[in-house]
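In what follows, a structure is listed as C-alpha cells, so that the remarks can point back to it.
All values below were derived from every heavy atom in this structure, side-chain atoms included, with hydrogens, water molecules and symmetry-related copies excluded.
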Amino acid sequence: MAHFYLDESLVEPEGPGAVVALRGADARHAVTVARLRAGERVAIGDGAGLVIEGEVVQSDRDEVLLRAESIRREPEPSPRLTLVQALAKGDRDELAVQAATELGVDGVQPWQSARSVSRWEGAKAEKGRARWQTIVREASKQAVRAHVPVVAPVTATASLTRRIEQGAPTTLALVLDPLGTTALSALDAAALGEPAGVTEILLVVGPEGGITPEEFAALERAGARRVRLGATVLRTSTAGPAAIAVLSAALGRW
C-alpha cells in the first residue's frame, strides 16, 4: 500500500463497495501535497483499529472519497507495551518515540527524571506532549499501524512508582540498566508474565545521564525489575526502540 491516511472521525462502512469519506488535515495533505487522484489505491484508518483499503473515486481539497474493497478492525495487542521515555536534550527523546512507534509500542509515557536536561514545566508540558503525539501519529502512518499510541501527560518519578505499585500484578515494569544481571533477551513470554494475566509492560528508559541510584531503588521498591540489553551501552534514543524489538519477538508479535 503506497499511502496510509488517518481520520479519527472515520466511520466504519457496512461492507465492501461502500463509499467512505476521508476528511480533515490528512485529506488536504493527500490532495494538495501527495496529489492523490481518482483511480489510486490507498488505505485509511481511524487510529483506533479500523483500516479500510480501496480505490479513490473522487478527490477534492477537503475530502477524499474511497470505495471500500477491504475492511478490518484490529484488536489492541495484549499485553500492551508502554515506553516510559525520560526527557532528553536535543531531539534524542523524540527520535526514541518515533522509532518505538514504528516498531510497535502501544503507549508512550514522558518521564521527568532527575537527570533530564529538558524540563517540561507549566505550558511547556502540554506543548511537549502535543509535539510527541504528532510525532507518534506521523510514525504510525508511515508504519501503516491500525492503532495510534497515546502520549500521556509527563510524569515524575514519584507518580511513576505509584503507577507501578497500583498496577501490580497486571503491570510488569522493566527498567533498562546496562549493569543489570538479567538480559532482556533471556525473557520469554512466560517470564514476561503473559500466562499470568499481565496486561501491560512498562519499559523504563533513562536520559543521557542515566537513572540515578535513588531512582533505581524507588523503582525496584515499587516492583520494577532491572534488565540489560547487551554488552554495549546504547544512547537513550536507541535503547527504547531496541528493547521494544526484543520484547516484540519474545511476545510473538514478530
Side-chain angles (χ1 to χ4, degrees), residues 1-77 83 85 87-88 90-110 118 120 123-154 237 240-241 244:
M1 186 61 59
H3 300 282
F4 180 55
Y5 299 100
L6 290 169
D7 179 355
E8 287 73 9
S9 64
L10 190 66
V11 177
E12 183 172 356
E14 294 183 359
V19 175
V20 184
L22 170 71
R23 301 186 175 91
D26 269 22
R28 290 190 292 274
H29 182 275
V31 175
T32 61
V33 179
R35 303 292 183 184
L36 192 66
R37 297 293 181 263
E40 296 187 58
R41 295 188 71 256
V42 296
I44 59 177
D46 66 352
L50 175 64
V51 176
I52 304 169
E53 297 181 13
E55 181 179 315
V56 175
V57 295
Q58 181 179 322
S59 61
D60 297 322
R61 175 177 172 79
D62 297 313
E63 181 180 73
V64 174
L65 299 182
L66 180 82
R67 189 175 306 281
E69 296 176 0
S70 70
I71 304 165
R72 73 178 191 273
R73 183 170 286 281
E74 297 185 6
E76 286 200 49
L83 173 65
Q85 175 63 52
L87 304 184
D91 61 352
R92 290 178 181 173
D93 48 12
E94 295 179 356
L95 291 172
V97 169
Q98 179 185 47
T101 301
E102 293 176 16
L103 292 167
V105 77
D106 302 306
V108 177
Q109 173 65 72
S118 176
W120 285 9
K124 189 176 180 180
E126 177 53 29
K127 183 178 180 181
R129 189 207 64 78
R131 176 168 172 77
W132 280 24
Q133 189 64 63
T134 298
I135 292 170
V136 163
R137 190 177 188 276
E138 293 305 307
S140 297
K141 287 164 57 178
Q142 190 279 325
V144 192
R145 292 194 54 180
H147 291 275
V148 176
V150 173
V151 179
V154 65
S237 56
I244 292 296

How far does [atom1] of [X] sit from [atom2] of [Y], to the nearest 0.5 angstrom?
X: Glu53; Y: Leu66; atom1: CD; atom2: CG; answer: 9.5 Å
X: Leu103; Y: Gln98; atom1: CG; atom2: CD; answer: 10.5 Å
X: Phe4; Y: Gln142; atom1: CZ; atom2: CD; answer: 11.5 Å
X: Thr134; Y: Arg129; atom1: OG1; atom2: CZ; answer: 8.5 Å
X: Glu55; Y: Glu40; atom1: CD; atom2: CD; answer: 9.5 Å

[X] and [Y]: which non-hydrogen atoms are nearest, and at how many Å?
X: Asp46; Y: Ala48; value: OD1-N, 2.9 Å
X: Gly17; Y: Arg67; value: O-NH1, 3.3 Å
X: Leu83; Y: Ala96; value: CD2-O, 4.3 Å
X: Trp132; Y: Glu94; value: NE1-CG, 3.7 Å
X: Gly107; Y: Val105; value: O-CG2, 3.4 Å
X: Val136; Y: Pro149; value: CG1-O, 3.3 Å

(Q) Considering only residues two or more places apart or on different chains, which pairs with a residue in residues 139-154 satisfy salt bridge (Lys or Arg N to Asp or Glu O under 4.0 Å)? (A) Asp26-Lys141, Asp106-Arg145, Glu138-Lys141
Backbone N or O of [Y] within a donor-acceptor pair of the [X] side chain at under 3.5 Å?
X: Glu63; Y: Asp60; answer: no
X: Gln133; Y: Val151; answer: yes
X: His147; Y: Glu74; answer: yes
X: Asp93; Y: Leu87; answer: no
X: Ser59; Y: Leu36; answer: yes
X: Arg137; Y: Leu6; answer: yes

(Q) I'd like to check the salt bridge (Lys or Arg N to Asp or Glu O under 4.0 Å) partners of Glu102; sequence neighbours left out, ordered by chain and number. (A) none
Q | Counterpart residues, salt bridge (Lys or Arg N to Asp or Glu O under 4.0 Å), relative to Glu69 (two or more places apart) | A | Arg41
Q: Please work out whether the ring planes of Tyr5 and His29 are parallel, tilted or perpendicular, with thresholds of 30° and 60°.
A: tilted
Let me have the donor-acceptor pairs involving side chains of residues 9-16, under 3.5 Å, with sequence neighbours excluded, atom names and distances please.
residue	atom	partner	partner atom	Å
Ser9	OG	Asp7	OD1	2.7
Glu12	OE1	Arg73	NE	3.2
Glu12	OE1	Arg73	NH2	3.3

Q | Listed partners of Glu76 passing side-chain hydrogen bond (donor to acceptor under 3.5 Å, both in side chains), at least two apart | A | Arg80
Q: Please list, chain by chain and in numerical order, all residues satisfying side-chain hydrogen bond (donor to acceptor under 3.5 Å, both in side chains) with Asp62, sequence neighbours excluded.
A: none
Q. Do Thr101 and Ile135 come within less than 4.5 Å of each other through their side chains, counting heavy atoms only?
A. no
